[in-house]
Every structure is written in C-alpha cells, then in structure tokens.
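A short worksheet on the structure shown next.
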Amino acid sequence: MLVASVRSLLQQPLQLFLLLLGMALGVAIVAAVQLSTASARHSYQAAITQLDSGATHQLRALAGIPSQLYVQLQRAPQSWSVLPVVRLEPQFVVTSSQGDSPALKLQLYGLDLLIEQRLRPGIFSGMVEGQLDWSVLMLQPSIWLSKQVATKQGLTIGDSFILHTPSGCHSVTLVGIFDDSQRPELAQRALMDIGQALMLKRETQLSYLDMMLTETQAEVLQSWLIEYGWAERVNLVQLEQHNPQPLGDAFYFNLNAMALLALLMGSLVVYSVIALSLQQRQPLFATLRLAGVSAAGLISGLLLELLLLSSLATLAGIALGMMLAHGLMPLLVESQAAFSVAPVARLHLSGGDLLRLWLLGSGGALLAALWPCLQLARCSPLQLQQPVMDTLQPERQVSRWRLMLVVMLLLAAGLLQQQQNLWALYSVIAALTLICALLLAPLLRMLALGLSQLLRRRPLALMVVRDGLRQQHYSQGMMLVLLLSLSSSIAISGMTSSFHQAFHSWLQQRLDAAIYISPADNHSGGTRHLDDKTLQALQARLLSSPEVKAYDLRWRQSLWLQGREVSLYSANFPQAATDSYQFIDQLAKVDSKTLWQQLRAGEGVMISEPLAWHLKLKAGDQLQLGPALSRPVLAIYSDYGSYQGRMLVGRSDFQRLFQAVPPYGVRVWLWPGVDAQSLITEPGWQDSRWQLRLAGLILQRSDQLFEQTFLITDALQLLFLLVALLAMGTNLLALQHHRRTESQRYRALGMSPALRRLIVLGQALLLAFSAGLLSLILGELLALLLTEQVQKVAFGWSIPWQYDGWRSLIALLSGMVAALLAAWLAATVGGKS
Amino acid sequence: MTLLKAEQLSKGYHQHGVLQPVLSSIELDLQQGEIVLLFGPSGEGKSTLLHLLAGLIRPDKGEIWFENLALSRASEQQLCQLRRQRLALVFQFFNLIPTLTVAENLQLSASLAQQQLNSHGLVKILKQLGLAAKAAVFPQRLSGGEQQRVAIARALVTQPRLILADEPTGNLDRDNAERVMTLFIEQVRKQNCTLLLATHDPTLKGMADRCLMLEQGVLYER
C-alpha cells in the first residue's frame with residue numbers, strides 16, 4: 001500500500017518538491033534561530049559564569065569589590081571558600097611574536113592561581129603545555145592561552161608578545177597552554193595572575209568574588225555582610241537563580257516566536273500540499289479501500305509516508321538552517337553588542353538540539369497533515385469514488401462555532417488572569433489572531449458581495465470576484481499566511497518604532513546638559529570614579545570657563561532592594577537638571593518644584609517607573625533603603641534607561657548609605673550660543689584623565705545601538721516573508737491545480753493565457769486585499785498590546801503606542817505585491833503543468 | 001462556400017513512450033450553414049478531432065483552414081480570437097461558469113467577443129431556448145437539460161460561424177435530449193451557422209445535412 005501511495009505521489013514531482021521545500025524552509029528558519037541563539041546563549045553563559053563549575057554564589061557590586069572585603073573574608077573565622085576574579089572586558093588584542101598573524105580579541109581573567117589550583121583545579125588539570133611555575137610570575141607579566149589561540153597566533157611556551165590594553169601596550173610571556181578542545185568557551189580566554197591583571201587594569205577593585213557555599217553558609221555570610229557594613233555596597237547573588245539578562249531573554253523569546261511563526265507557515269504549506277495530494281490520489285485510495293484496506297490502515301500508511309518525507313525534509317532543513325545560522329551570526333553578535341554580551345565563539349549544535357529540531361519539523365508536518373488525513377478516513381469507499389472529493393472541502397470542515405468557543409475561552413482565560421501576567425497577554429494575542437483568522441471568510445464574502453454589486457455589468461470581473469469564494473480550502477490558507485506574516489510584521493515594527501520613538505524623545509529630553517564628563521579608561525566594566533586630583537583639576541577647568549553656565553556632579557551606587565539590583569543616583573539637582581524629568585505619579589497637592597526641594601533635603605526619594613512597577617510602589621509609599629533608613633516615594637518618573645530600576649536620592653542620604661564614594665561623572669550646561677563641539681577642542685578641556693561626550697553624540701550612539709539590536713529581527717522578518725511567499729504560492733498553485741479543468745473551459749471560451757493569468761492575479765489581489773485589511777487591524781492591535789502591555793509587564797516601562805499610516809500602507813502594499821508574485825508564479829507554473 | 005477545411009490531418013498521443021496514432025490523414029470540408037453529424041465508436045478520436053478544429057490542440061501533421069486562417073500556424077492569441085468571435089464549443093458536461101448566473105454566462109461570452117448584448121437581445125435568446133425565467137439563476141440550481149440549453153445559448157449568443165458540439169445530449173435522458181437537440185438545430189438554422197456535432201444518437205440523422213463516420217482514425221462520409 002505504501003509503495004503504491006508513494007509511487008502515486010512521485011508522479012507529481014512539483015507537489016513533492018513543494019512539500020519538501022515547505023517543510024525544509026520552516027525547519028530551516030527555526031533551526032537557524034535555535035542554533036544561533038543557542039550558540040549565543042552558550043557563549044554568554046560561559047562568559048558570565050565562573051571559569052570552572054563549583055562556585056555557587058558571587059559577591060558583586062556595581063563599583064567593583066574592594067580588596068579590603070576580600071581580605072576580611074579570608075580572615076573571617078567561618079573559612080569560606082572565596083575565589084577573587086578580575087575580569088577585563090574583551091578589549092585586549094594579542095599580537096603574535098612574529099607579527100604576521102591577525103590580531104585577536106581576548107577576554108582576560110585575573111585569578112589567584114594559588115587558590116584556584118586548590119579550590120577548582122579544573123582549568124589547570126587540562127594544561128597541555130607548560131606548567132604553573134610560580135617563579136615566572138615574579139619576573140614579568142605572564143599569561144596562559146588556550147591551545148586554539150596559541151596555534152592561531154603561532155605562539156609557543158616562552159614566547160613574548162605584545163598585549164594591547166586600554167592602559168597601554170605590555171610585553172607578556174606565554175607560560176602555559178591549556179586544552180580547550182572539550183570546552184570551546186575557553187577558547188577566547190586568557191588567564192593571568194590576579195596581581196598582574198590589576199596592574200593592567202590600573203585599579204585595586206576586584207571584579208567579583210566567586211564563592212562556594214552551602215545554603216546555611218550563604219545565610220551566615222549575608223548576616224556577616226550586614227554586621228560588617230558591607231550589605232549595602234555588595235550583593236550576594238546565588239548563581240543558579242540569578243538572571244542578569246532579562247532583556248536578552250525577551251530578545252531571544254521574540255526571535256523564537258518569529259521562528260515558530262515561520263514553522264507555522266511551513267506547516268500551512270504542508271497542509272495545502274497534502275490536501276491537494278490526497279485529492280489527486282483519491283482514485284487510488286478508493287481502490288485500496290474497496291480492496292479491503294481499513295480507514296485506520298490507510299491513515300497509518302499515509303502518516304508513515306509523511307514521516308519518511310518529513311524526516312528527509314527536516315534533515316535538509318537543518319542543513320539549510322546551519323547555513324542560515326552562519327549568516328545570522330554576525331547580525332546576532334551585532335545585536336548582542338547592545339546588551340554587552342560576550343562574542344559568540346562558534347556554532348553550537350548538540351544532539352539534543354538535533355533531536356528537538358527533528359521532532360519539531362516532523363511533528364509539525366504530521367500535525368499539519370492530520371486534518372486532511374482524518375477527513376479522508378471519514379469518507380466511505382463509495383464516497384471516495386466520487387469524481388471530486390467534495391468531502392474534503394473545508395467549507396463544512398471548519399466548525400466555526402466550535403473554534404469560536406475555543407477563542408472565547410482563550411480570551412476569557414487571558415482576561416481573567418491578573419493583568420501582570422505575560423502568559424495572559426500572550427493568550428489574548430493568540431485569541432485575537434484566531435478571531436481574525438475566523439473573520440477572514442466572512443470579510444471576503446462581504447467584500448465579494450459589495451464588489452459584485454459594483455461590477456454587475458462586467459461578467460469577467462464578477463467571475464473573478466465570486467471565484468474567490470470557492471475552494472476556500474486553499475484561498476483561506478493563502479489568506480491565513482498573509483494575515484500571519486503581515487500582522488506580525490506590522491506588530492513588531494509598530495512595537496519597535498513606538499519604543500524607538502519613546503526612547504529617543506526620552507533620551508533627548510534627559511540629555512539636557514551639553515557635555516557629559518566621565519573618567520577615562522572606562523573599559524573594565526563596573527563604575528569608575530573621578531579621583532580627588534582629577535576632580536579638582538576638572539572643577540578648576542569648569543570654574544575658569546566663562547562659557548559654562550552650570551555643572552553638576554553625579555554619584556552612583558547599587559543597592560539590593562527586595563531581590564533587585566537597583567542603581568541609586570545622587571546629584572545636587574540644579575534647576576536645569578530637573579526640568580527633563582516627567583512624573584508619572586507624584587505626591588498629591590505638591591508641585592514639582594517642592595518635590596525636588598524635598599529630594600535635595602533628603603525628605604524622600606524618586607524612583608523610576610520600572611522600579612515602581614516591579615516593587616508595586618506608588619507615590620507616598622515608604623521605601624526601606626537600609627537598616628535604619630526609610631524614605632517616602634516623592635514621585636515616580638518615566639525612565640527607559642534601566643529595566644532593573646533606578647532611584648534618585650538626595651546627597652545627604654547617599655552619603656549616609658555609602659559614606660565617601662567619589663562622583664562618577666559631571667554634567668555641564670553652557671550659556672546659549674556657545675558651541676559645545678568647538679569648546680571642547682580648546683586647550684585645557686581635553687585631558688587624559690577624563691573623557692568628554694557631547695549630548696548629540698550620545699544620542700546618535702544610542703540610536704545606532706537601538707538599530708543594531710533590531711537588525712536580526714529585520715533579517716528574520718525578511719526570511720519568514722519568504723516562507724509566506726512560498727506558502728501563498730503553494731496554496732495558489734494547489735488552487736490552480738484544483739481548477740485546471742476550469743482553465744480549459746476558459747480556454748475553450750477564447751480566453752488567452754494572459755487573460756487567464758490575469759484572472760488568477762485578480763483573485764489573488766482580492767484575497768490579499770481582504771487579508772491585508774484584516775492584517776492592518778490585527779497588526780496594529782497586536783502592536784498596541786506588545787507596546788503598551790507586554791513591554792509594561794516584561795520591563796515595567798510605559799511606551800505609548802504610535803500609529804504610523806505609512807507602516808500600514810507599506811505592509812499592505814508589500815503583502816499585495818507578495819501575493820501577486822505568488823499568483824504569477826502559480827499561474828505560470830500551473831499553466832505549464 | 002467552404003468555411004473550414006482540414007487537409008491530411010494526423011494526431012497521436014504518447015503512451016508509455018510509444019506514439020499511439022488517433023487520427024490519420026483526415027480530410028474534411030465544412031460549408032457555410034450546413035449541419036454535419038460525426039458518428040463513431042467511443043475512443044476513436046471524435047473529441048480529438050473537434051479539439052483540433054477548435055485550435056485547442058495542434059495537429060502532428062496536416063493543416064486546418066478556418067476561412068483564411070491556418071490553425072496550426074496561428075498564434076495562441078489568434079486562436080483565442082477565433083474562439084471568441086467565430087467559433088463556439090458545446091460540451092457534454094455543459095462547462096458553464098458556476099459563479100455566474102445564466103444571464104452573466106451569456107454576457108461573459110458576448111463581452112469576450114467584444115459584442116454588446118443588451119437586455120432585449122438577452123431576453124430574446126433566453127426565451128428562444130425556454131430559459132427566460134432562469135436568467136438570474138446559478139447553473140448548479142438548473143437541471144441537466146436546462147444547463148445544456150444555457151450552454152447552447154452561450155454558444156449562439158456571439159453568432160459564431162461554426163459551432164462544434166461534443167455529444168451535447170450524452171448526459172441527458174431521451175426526452176430532454178430530444179427537446180434540447182430540436183431547439184439547438186432550430187436556432188442554428190435560424191442563424192445560418194455551421195454545426196459539426198459529434199454524437200452516438202442515430203435519430204438525429206434526419207435533422208442533419210451530412211453524416212460522417214470516424215473509425216480507426218479514418219474519416220469518411222456515411
């Protein structure tokens with residue numbers, strides 16, 4: 001039976017090709033996204049977690065860990081296992097000794113080699129060349145490299161080479177090569193002694209402390225930190241629970257959602273091609289059933305056939321996906337740069353990934369084919385002998401009321417959930433999409449009826465319009481694909497453009513000063529501060545410049561509030577600096593001017609909207625900042641700078657919390673008419689101890705970062721528009737195939753090939769227009785939900801949804817062009833076949 | 001006056017890589033206004049001959065002249081033009097456009113032939129075929145006999161020079177078939193157009209001017 005069925009399918013090579021292509025492309029996009037994001041995650045995880053497994057906790061602080069804390073911890077009677085780490089961002093470039101190899105960026109870690117070897121010796125046990133020779137550390141800067149890097153740079157043990165760092169060029173000696181074959185995340189690492197790393201970094205702060213603690217030990221440590229006054233300056237983070245990249249996670253979530261959408265469209269291709277294929281093989285099935293094959297036997301045979309085909313297509317899809325992933329990687333790395341994530345080392349494909357992709361591809365195909373197969377099973381052998389398998393027509397297949405019930409249930413489930421729930425919002429999105437999918441046919445019917453009235457005297461046009469209502473099996477498939485691709489495209493671009501607009505205008509407002517000054521050499525991550533000498537020099541410079549209207553010093557520290565790492569900001573907040581803050585909520589009957597006075601006087605704090613959202617705070621609520629420090633929330637201000645949350649506190653409160661922390665930056669306001677750009681080129685302004693940034697340049701760089709972040713999204717949108725095009729083409733081709741006898745009828749009536757093609761184009765245009773109209777509504781609704789609700793729930797900030805007519809028009813036009821292209825292909829290929 | 005002339009017409013189909021001849025060296029003359037019946041066993045190539053004469057398929061050998069147009073050398077556009085204005089086809093399974101009403105089916109043919117079909121003309125032809133009350137009805141709501149009468153009306157509405165009919169009553173019962181054929185022949189005579197009708201029904205012989213027989217790929221007068 002299987003042989004007869006497959007041979008029959010092989011007689012339709014075009015369909016077979018489309019079937020395989022539909023599945024392969026759907027799987028390819030999912031595979032590409034999965035592989036590239038999994039690789040990125042893998043590298044990221046490797047970059048943020050400890051060098052070797054074992055550490056359970058980390059002590060972190062935005063400004064870095066003071067060495068005194070490390071010393072105190074070592075001397076503490078509890079004997080905690082503490083491993084100090086100095087991490088330098090991947091700014092270091094290694095040049096080979098010969099000077100002919102290309103330069104390479106490395107992530108440099110400074111470790112206490114003695115402690116590392118004792119507590120987590122994994123990295124050194126894999127040493128392939130060289131050894132831990134403590135004497136070399138005394139001589140000159142020494143370094144350990146991975147085997148891959150050493151080979152690439154042509155370096156051997158004992159070679160000296162140049163290491164470029166932001167603090168200058170250093171000659172270092174290679175003293176060890178470690179094996180990275182089993183651990184690719186180590187490939188881009190360089191290790192050195194912690195003391196030497198601190199010298200390179202030119203500071204005394206450690207990046208973080210890795211700790212190996214039991215739960216009880218962690219509790220004891222927490223109390224110890226409070227007792228010794230460290231609790232407000234450092235945070236003890238449990239590594240398994242710490243999620244430092246919610247923005248990154250949301251970004252990956254969006255990518256995966258888009259990829260799954262592509263798979264859904266691939267499934268629609270499979271669905272339409274399978275339905276057509278079953279129709280064509282109907283006489284064969286009739287014969288088999290009459291010969292005694294049971295319906296169940298027929299279905300299982302068909303599903304087995306499909307499993308073979310889908311496995312083949314999935315494998316092709318994975319191969320194609322890997323190629324696509326290679327293409328997507330640079331875009332992903334670009335996007336990730338916006339999140340300061342480590343670069344992706346290599347494509348990561350595990351056996352689990354392969355199995356998951358195979359299950360996804362084959363499962364999707366089987367699910368898509370299940371409905372037409374079940375319909376076939378319902379037909380009696382005599383029904384199968386009918387010339388046209390109307391029993392497989394969908395008009396009666398879709399029990400709309402049943403579907404509507406599911407939709408209403410989904411919607412109700414969504415609405416009944418508490419509003420602060422992402423899944424509730426996603427179920428509303430799914431319900432809205434389903435409702436629109438169900439409205440496709442009634443809308444088309446309405447449009448067709450209206451047009452029929454207008455075109456009463458044009459029978460050819462009438463025929464085109466009314467034909468759109470027939471064989472909805474295929475036409476609705478095409479409309480559904482268009483609805484999904486256009487609405488998601490409108491929704492995503494609506495959300496990103498609204499976000500971009502809100503972010504841009506917020507930043508423009510917030511960058512109210514002309515010049516921003518920060519310490520130089522801010523490459524090592526964490527917060528750098530302006531030391532006393534630098535501050536004095538800088539203030540002298542500012543006070544001696546008649547162009548300077550005002551300046552304000554800024555302080556920053558991190559504070560752990562109800563499980564969130566919150567950035568605390570303090571300044572003198574002159575009038576010029578306060579105008580840019582927009583309050584979402586503030587104390588009743590108090591004007592803004594008074595609120596700022598209260599903040600300066602330490603009578604309260606102001607918090608950012610994301611912080612208020614996550615901690616469920618409103619103006620007037622009391623906030624516990626420290627063991628004996630509680631302040632009311634004076635106002636909640638709009639902020640897109642941090643989803644973790646930020647807080648403004650007065651100088652006195654800041655000093656009470658963090659004692660004498662030096663400022664990290666200065667804002668400078670100039671008199672009207674002064675050109676900031678030319679001012680900073682004047683002598684005395686440029687100094688190696690600080691860096692000057694103009695507000696305009698910061699804004700420009702932020703815009704660049706924003707666009708960079710969404711590069712990958714644009715690329716994926718294009719990719720799945722391609723799948724949508726294919727899906728539409730397949731549906732239209734199937735429709736053409738189904739109507740091929742009608743095409744002969746038109747030919748007998750004297751219709752030329754061009755006219756017959758025009759009919760197909762006209763029908764496609766009508767279908768695309770109907771789907772496009774609904775997509776505009778659905779797309780903007782989804783954009784509204786994503787922008788105003790999903791963003792709020794996920795990140796805590798309010799973004800006003802911005803309607804853009806051009807966005808809708810472009811989407812509608814591109815959808816119609818894609819539909820026309822698909823129709824033209826279908827008419828051409830269908831006409832030839 | 002000769003309307004259509006076929007010379008040395010041959011056509012075959014490939015089956016399993018082997019050419020199976022269907023028609024060989026067919027010679028045919030159709031005069032203006034004559035009604036010709038084409039008899040022959042099933043599968044002997046009657047439909048193929050009609051399709052060749054309508055320009056729907058091209059001959060392997062030979063030539064068909066429709067007035068001054070050589071069909072085997074004509075472009076697809078010319079053949080379409082021919083079928084729109086000078087030639088009409090009537091099929092056994094009616095082949096009406098299901099999404100158009102009876103009146104709209106007729107209007108479509110007229111508009112393709114770039115002819116104006118006013119409501120007076122439409123009503124007249126529908127009345128002649130007993131379909132006046134069915135003008136706004138869709139084909140699937142008509143009986144087989146009614147559908148075939150619509151197909152005939154559609155063929156006649158453009159006043160073609162030649163009508164090629166492929167067993168138009170093959171799908172109808174005896175009474176309906178007789179009624180339809182009587183109306184058909186009557187209208188053809190009225191319009192003085194030529195009719196080549198492939199049929200198995202020997203009772204129609206009395207209505208025809210000539211009868212032809214197609215057997216084993218060879219055409220001869222009967």
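A, B, ... follow the sequence lines: proteins, then strands. Residue 1 opens every chain.
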Side chain proximity check, B:Leu195 to B:Val36, heavy atoms < 4.5 angstrom: no
Is it the backbone or the side chain of B:Leu79 that comes under 4.5 Å from a heavy atom of chain A, or both, or neither? neither
Below 4.5 Å from any heavy atom of chain A, which atoms of B:Leu89 appear? Answer side chain, backbone, both or neither. side chain
Using the test salt bridge (Lys or Arg N to Asp or Glu O under 4.0 Å), find all partners of B:Asp201 that sit at least two apart in sequence or belong to another chain. none
Can B:Leu71 and B:Phe66 be said to form a side chain to side chain contact (heavy atoms under 4.5 Å, CB included), step by step? CA-CA 7 Å; B:Leu71 299 196; B:Phe66 190 100; 4.1 Å; yes
Around atom CZ of A:Phe769, are there more than 12 heavy atoms of other residues, nucleotides or ligands at under 6.0 Å? no
Spacing of B:Leu30 atom CG and B:Leu164 atom CG [to the nearest 0.5 Å]: 8.0 Å
B:Leu38 side chain reached by B:Thr199 side chain, heavy atoms, under 4.5 Å: no
The interface call for B:Ile97 against chain A, heavy-atom contacts under 4.5 Å, is both
List for me each residue that meets side-chain contact (heavy atoms from CB on, under 4.5 Å) alongside A:Ala771, sequence neighbours excluded, and say none if there are none. A:Leu440, A:Met479, A:Leu482
Please list every donor-acceptor pair closer than 3.5 Å that links chain B with chain A, giving the two atom names and the distance for each.
{"from": "B:Leu56", "atom 1": "O", "to": "A:Arg747", "atom 2": "NH1", "distance (Å)": "2.9"}
{"from": "B:Leu56", "atom 1": "O", "to": "A:Arg747", "atom 2": "NH2", "distance (Å)": "2.8"}
{"from": "B:Glu76", "atom 1": "OE2", "to": "A:Arg747", "atom 2": "NE", "distance (Å)": "3.3"}
{"from": "B:Arg83", "atom 1": "NE", "to": "A:Arg747", "atom 2": "O", "distance (Å)": "2.7"}
{"from": "B:Arg83", "atom 1": "NH2", "to": "A:Arg747", "atom 2": "O", "distance (Å)": "3.3"}
{"from": "B:Arg84", "atom 1": "NE", "to": "A:Gly750", "atom 2": "O", "distance (Å)": "2.6"}
{"from": "B:Leu96", "atom 1": "O", "to": "A:Arg745", "atom 2": "NH1", "distance (Å)": "2.7"}
{"from": "B:Thr99", "atom 1": "O", "to": "A:Arg466", "atom 2": "NH1", "distance (Å)": "2.8"}
{"from": "B:Thr99", "atom 1": "OG1", "to": "A:Asp467", "atom 2": "OD1", "distance (Å)": "3.4"}
{"from": "B:Glu104", "atom 1": "OE1", "to": "A:Arg466", "atom 2": "NH1", "distance (Å)": "2.5"}
{"from": "B:Glu104", "atom 1": "OE2", "to": "A:Arg466", "atom 2": "NH2", "distance (Å)": "3.3"}

Contacting moiety of B:Phe138, where chain A heavy atoms sit under 4.5 Å: side chain
Here the side-chain hydrogen bond (donor to acceptor under 3.5 Å, both in side chains) pairs for residues 183-195 of chain B, sequence neighbours left out, are B:Arg189-B:Asp209
